[in-house]
Structure formats: structure tokens, C-alpha cells
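Notes for the one structure printed next.
Source: prediction; values computed, not measured.
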Amino acid sequence: MAAILALSACSPGSTVEDGGPHSGMDPSAMNHDAHQTGAAQSTIGQGGDQPTSTLPVSAEPFEVLTGSSFTLTAKETTLQLDEKTKKTVWTYNGTVPGPQLRVKQGETVRVVLKNELPEPVTIHWHGLPVPNNMDGIPGVTQNAVRPNESFTYEFVANTVGTYWYHSHQKSSEQVDKGLYGSIVVEPKEPPAKPADQDFTLVLDEWLADDSMAQMHGGTGMDRSGMNHGNMGNMNHGSAPSSDQNAHSGMSGMDGQMSDAEMMPLMYTIFSVNGKTGAAIPPLSVKEGERVRIRLVNAGYLSHKLNLQGHEFQIVATDGQPINNPPLVNGQLLNIAPGERYDIEFIANHPGKWLLEEQGKNPGAKSLAVPIVYEGYADKAATPGTEDLPTVDITKYGEAAKSRFTLEQAYDITYQMDLNTEMAKGKMAFTINGKTFPDVPPLNVKKGDLVKVTMVNRSPKDVHPMHLHGHFFQVLSKNGQPVSGSPLIKDTLNILPGESFVVAFQADNPGNWMFHCHDLGHAAQGMVAEVKYAGYHPDFTPDPTVGNMPE
């Protein structure tokens, strides 16, 4: 069996319902259903570095929970990003990221969400197909879970892969505060070439100066109070009116920084599993091992990653396998907000290396994960300086017969023009000139074959578009058919000027979100819905809860 390592922040108090409660994170006290793995637990806040907050301080590593029944408690704590940097965070079970849930394909999974925060919260199972009433969207699939109340999610984990979970209530704030974790669905049968080591790395970004939250009209709740970038006229919290006459393209925006330019200047601390810079624990490997790294981007920025010293394969994207993936050498892997990539390599080059970000963003140097071979812990790893190209995932892997083609007939076609516009003096992120909830829905019937063309007309802003409840196949990029492996995703990064054609089958009835996973863009309007004919939600929206689906 592969060693499963998830290196991150952690604190006591997690519960596995089918294994009994445990606390204190003492490995000897934990049963087989809850595995504490990774680096040894560290002591934080000793001596002169005592936290000023009375909140508990998370320590490493986070838990990996197995079984099929879990409890996730939304609570506030303090995260120690490195020896000098602490943040007040919102968490599932007291850690950022929250526990990793490891479940088996075909199992019925039951998760009880308990809310100990002062605001309503939910859990959305990002990328994992679940029934609509389990999707965690306030006011669309359920009422948000009030403080001191609970909600039980139950679904069958049918689709193998790497996924993540996060709150979808005011997600531009709550995810920014730390309400996220990972979930892995393991296959019923072991793979032909199992990994000897299986690491999960969740990427995020943080404000270096939390006073920016208050300076720009926020609540002072660390990173989130600024509502993801409320600077000047850029109010990332409330969508303006979607009156078509209010939109004037980019007029009136002269002299304002674009969102894409501004965010890297604000979010300058990059983290891996709740740690940054020298505090990021190393990945320990032995020569000859097959190593799998599951990458999850829970932040606002894309990250271009370089694996030093090794060739690697991209074996899956958004949990879905790549057909016959070739070895990558001397190229960067770009992971956008909401995306997941699984990579594998053979540990055949003993030494100390880095999985590092290469880019011009101010925080880039703080994202460097040491990869340390047995016997090389005292060696030094040197950051790379070479300017490397980026893998084009639409040309990666081997072509094969797939479910959809550009030429076949479709029941529904839908155009999504994505743009950055001004509405009544405020920034808006629009779909077809409208902001949610006024974006016309994509209306489907069960069984329909659907083709969607997405075009990014924003001059500078990047839009990673995420579809709930379904996977789509990417058919073309900028008018050129996908030439590599059939590319199955739930989140697709679209740069300014790019266009993509994707297709999916309407095989999961419900009302589903289709939105930008730069959650600030979604909060300011870049949200559409896929709505099935004849579907009626099984809950009644409660106007007193304050449901906010983005």
C-alpha cells in the first residue's frame, strides 16, 4: 500500500464517526480509521512567540481520515504560516486545509457539517458529481447552515479522482478565510502501478498586510474582510445592477489596475498546506520510489510549477485520467484556481530538490516545496532561474476515441462571452453582458447533449470557469481541435482573448452553478446556471438565513 502523506496544518478535535472521537492528535491513540501522517507534530507559539489571540493555534500535520462517515466542524482558529506570520482563519476541524477525506469508489459517504462560526456556512464538493441537493449551494440546493446548527451530506462516491471541498456561502470571503479541504476517491481495485508515496499539496495565497482589509472597507477579519480586492472602485463583494444599458465595456476604467494586475500585489504570501517559505515541510522520498503528488489550487492566483531534477507525467487533471501521458522535462505546469493536477515521477535522481513556483508575482519565491531523498537532508536546494515554457494541456497525451466531437449534433448550444465591464461606476464581471442572477440560464432536459463556447473578452483578467455536477470534454482551443488526450475537466482556465469549445451530457438533474472560480469574479456577477426542465428542489428557501450562493 502506498504511503499517504498530506503535509499541512492541524489541530486537535477532529472526529471520525465510524471510528470514534479522538483528540490531542496523539498517533498512538488513533485507530485505523484516522491516519495522522506526514511530518512530526510541531510546537508553535512557545517562548517569545506566544500568540496574542486566545484562539487555539493549529500545528502540523493535518489529518487524513478514512472510512465513509465523518464530522466536519466549521470553527475559528489561528494559523501559523511560518514562525513570524499568524492569521485568524476559519476552518473545518481546526486546520487549513481541513482534513483530507479518503473514501473508496462506490461507497456511500456521510458527512455531518457542524457550524461553530458566527455566520452560516455550507460544503460544496468541488468536481465530485453528487446529487443536486448535496451540492452545498445556499438558496439553490439548500439553506446555509446557521451558527450552532448542522446539516448532513450523503452521496455515493462513484468517480475516482482528486477533488476538494469548500464553503459556497459568501465563498469569496469564506474560502479566503480557510474553509476548504481535499477529498480523494480511491479506486475499488488497486492500480497497475501504485505509487509508493502519495502526497497532497493544497495551494493558497494570503495578504501580507491584513490592515488592507480595513483600509478598503473590510471587516478586519484578516484576508477576507476586504472581500477579495476592494480597492478604489473595485468592490469585490456585491454585484452591480445587470441592466444592459449600465454596461459600457471598459469605458471609465482608464487608470485603474485590472484585477489580474492588482491581486498578486496584495496576496504576496503563497502557502502549501497552510505553510509558507521555509516553514513548508519537505516531501521525503527514497531512491526508486514512484511518487504521486496531488495538486489542488484553493486560491485566487494561478501558479506555474517547476519540478526540479526529474521528468514527470501528468496522470490526471481535475481527477480525470490523461491517456498515455508522456514524460515532461523542462516545462512548467500551470494550475489555475479550482483546478487539480496529479503528477507522478520516479525518484531516480538522489539529492535535495524543489517543486517551486516560477513567475514574476511577488509571492512566487515563498512557494517552494523541498523534495528530500533519504540521506540528503543536510544538502541545500537551489531555486531555479531558467525561463521555462508551460505545458499546453490541450496537446498533452495521446489522442483516443472520446465521447464528444466538434462535428456531432448537439441538442443545446450556448455561448458564454466573459468580460470585465463597468456598471454604475463599479467593476463587474459579466457573462453575455449580464451579472448573476440576471444571466440567462442554460436550460436543458435530461439526456441533452450540450455544447458551450466560452470566450474571454476581458482585456487582462483570467477566468477559470467551473461547472458543478458534471464533467465536460474540452474539444477545441482558439479554433484548433484538442490534439492530445481526451481532456475531461470541471474547471477550465481561460486567458484573455482565448476561446474554448466544451461539451457535456445533461445526466445529473438539478439546478447547477457554472461560474468563474476566481471567487471574487463570481461574487461580482460571473455566474450562470444550468437548469433542468421539470426539476424542483427538495428544500424551501428560508429568507431569514441570508443565503448567499457566491
- Message: When you compare the side chains of Asp135 and Thr141, does any donor N or O come within less than 3.5 Å of an acceptor on the partner?
- Response: no
- Message: Taking the side chain as everything from C-beta on, heavy atoms only, tell me whether Leu418 gets closer than 4.5 Å to Ile431.
- Response: yes
- Any side-chain donor paired with an acceptor under 3.5 Å for Gln100 and Thr200? yes
- Note on the structure: Here the pair of heavy atoms bringing Ser366 nearest to Thr276 is CB-OG1, 3.4 Å
- Message: When you compare the side chain of Leu179 with that of His166, does any pair of heavy atoms fall below 4.5 Å?
- Response: no
- Can you find a heavy atom in the side chain of Leu283 that is under 4.5 Å from one in the side chain of Gln197? no
- Just wondering, do Thr540 and Asp542 contact through their side chains at under 4.5 Å, heavy atoms? no
- Task: Go through His168 and His126 one step at a time and tell me if the side chain to side chain donor-acceptor pair (under 3.5 Å) criterion holds.
- Result: CA-CA 10 Å; His168 225 286; His126 184 116; over 6 Å; no
- Quick one: closest heavy-atom pair of Ser302 and Asn334, and the distance? CB-OD1, 3.6 Å
- Name of the residue among Thr162, Asp198, Asp342 meeting side chain to side chain donor-acceptor pair (under 3.5 Å) with Arg292: Asp342
- Item | Derivation of the side chain to side chain donor-acceptor pair (under 3.5 Å) call for Asp204 and Tyr180 | CA-CA 10 Å; Asp204 199 1; Tyr180 57 78; 2.6 Å; yes
- Quick one: does Asn297's side chain have a donor or acceptor within less than 3.5 Å of a partner on Ile335's backbone? yes
- Query: After noting the C-alpha distance and the side-chain angles of Tyr165 and Tyr163, does the key distance pass the ring pair (Phe, Tyr, Trp, His ring centres under 6.0 Å) rule?
  - Reply: CA-CA 7 Å; Tyr165 60 90; Tyr163 308 99; over 10 Å; no
- Task: Dump the intermediate steps for salt bridge (charged side-chain N to carboxylate O under 4.0 Å, His left out) on Lys170 and Glu173, then the final yes or no.
- Result: CA-CA 6 Å; Lys170 295 172 64 176; Glu173 295 185 10; 3.5 Å; yes
- Query: Is it true that a side-chain atom of Lys177 and a backbone atom of Glu76 form a donor plus acceptor pair closer than 3.5 Å?
  - Reply: no
- Message: Just so I know, are the side chains of Val450 and His470 near enough to count as touching, which here means a heavy-atom distance under 4.5 Å?
- Response: no
- Query: Mind checking what makes salt bridge (Lys or Arg N to Asp or Glu O under 4.0 Å) contact with Asp507, not counting sequence neighbours?
  - Reply: none
- To the nearest 0.5 Å, atom CD of Glu339 lies from atom CG of Leu203 at 11.0 Å
- Item | Minimum heavy-atom distance between Pro549 and Phe436, given as atom pair plus value | CG-CE2, 4.1 Å
- When rounded to the nearest 0.5 Å, the distance separating CG of Asn432 from CG of Asp438 is 12.5 Å
- Message: Taking Pro441's backbone N and O only, do any of them form a donor-acceptor pair with Glu529's side chain (distance below 3.5 Å, no angle check)?
- Response: no
- Atom pair CE (Met513) and NE2 (His466), whose distance is rounded to the nearest 0.5 Å: 10.0 Å
- With side chains defined as the heavy atoms from C-beta onward, is the minimum distance between Trp206 and Val89 less than 4.5 Å? yes
- Hey, do the aromatic rings of Trp164 and His517 have their centres closer than 6.0 Å? yes
- Query: Taking the side chain from Tyr300 and the backbone from Ser172, do they hold a donor-acceptor pair closer than 3.5 Å?
  - Reply: yes
- Message: For the CD atom of Gln174 and the CD atom of Glu119, what is their distance to the nearest 0.5 Å?
- Response: 5.5 Å
- Query: In Å, rounded to the nearest 0.5 Å, how long is the span from NZ of Lys114 to CG of Asn148?
  - Reply: 11.5 Å
- To the nearest 0.5 angstrom, please state how far the CZ atom of Phe429 sits from the CG atom of Asp259. 4.5 Å
- Could you go through the side chain to side chain contact (heavy atoms under 4.5 Å, CB included) check for Leu367 and Leu305 one step at a time? CA-CA 9 Å; Leu367 199 167; Leu305 303 179; 4.0 Å; yes
- Got a donor-acceptor contact below 3.5 angstrom from the Gln169 side chain to the Met548 backbone? yes
- Message: Any heavy-atom pair between the side chains of Phe70 and Val109 that's under 4.5 Å?
- Response: yes
- Note on the structure: On a heavy-atom basis, the closest approach of Gly67 and Val103 is O-CG1, 3.8 Å
- Considering residues at least two apart in sequence or located in another chain, which fulfil the ring-ring contact (aromatic ring centres under 6.0 Å, His included) criterion with Phe472? none
- Taking Asn143 as the fixed residue, which of Asn547, Thr122, Thr544 is the one that meets the side chain to side chain donor-acceptor pair (under 3.5 Å) rule? Asn547
- Task: Test Val439 against Lys434 for side chain to side chain contact (heavy atoms under 4.5 Å, CB included), laying out the working first.
- Result: CA-CA 5 Å; Val439 176; Lys434 300 282 187 177; 4.0 Å; yes
- Is there a donor-acceptor contact under 3.5 Å from the side chain of Glu205 to the main chain of Pro264? no
- What's the verdict on side chain to side chain contact (heavy atoms under 4.5 Å, CB included) for Tyr341 and Ile393, showing C-alpha distance, side-chain angles and the deciding distance? CA-CA 11 Å; Tyr341 282 99; Ile393 198 66; 4.1 Å; yes
- Do you know which two heavy atoms are closest between Ile123 and Tyr153, and how far apart they sit? N-OH, 3.0 Å
- Query: Within the distance-only criterion (no hydrogens, no angle test), does the side chain of Asn493 pair as donor or acceptor with the backbone N or O of Ala336 below 3.5 angstrom?
  - Reply: no
- Please report the shortest heavy-atom distance between Val112 and Thr152, naming the atom on each side. CG2-OG1, 3.7 Å
- Donor-acceptor contact below 3.5 Å, side chain Tyr532 vs main chain Asn508: yes
- Query: Sequence neighbours excluded, which residues qualify as salt bridge (Lys or Arg N to Asp or Glu O under 4.0 Å) partners of Asp318?
  - Reply: Arg340, Lys489
- Query: So do the side chains of Leu101 and Leu65 get within less than 4.5 Å of each other, counting heavy atoms only?
  - Reply: yes
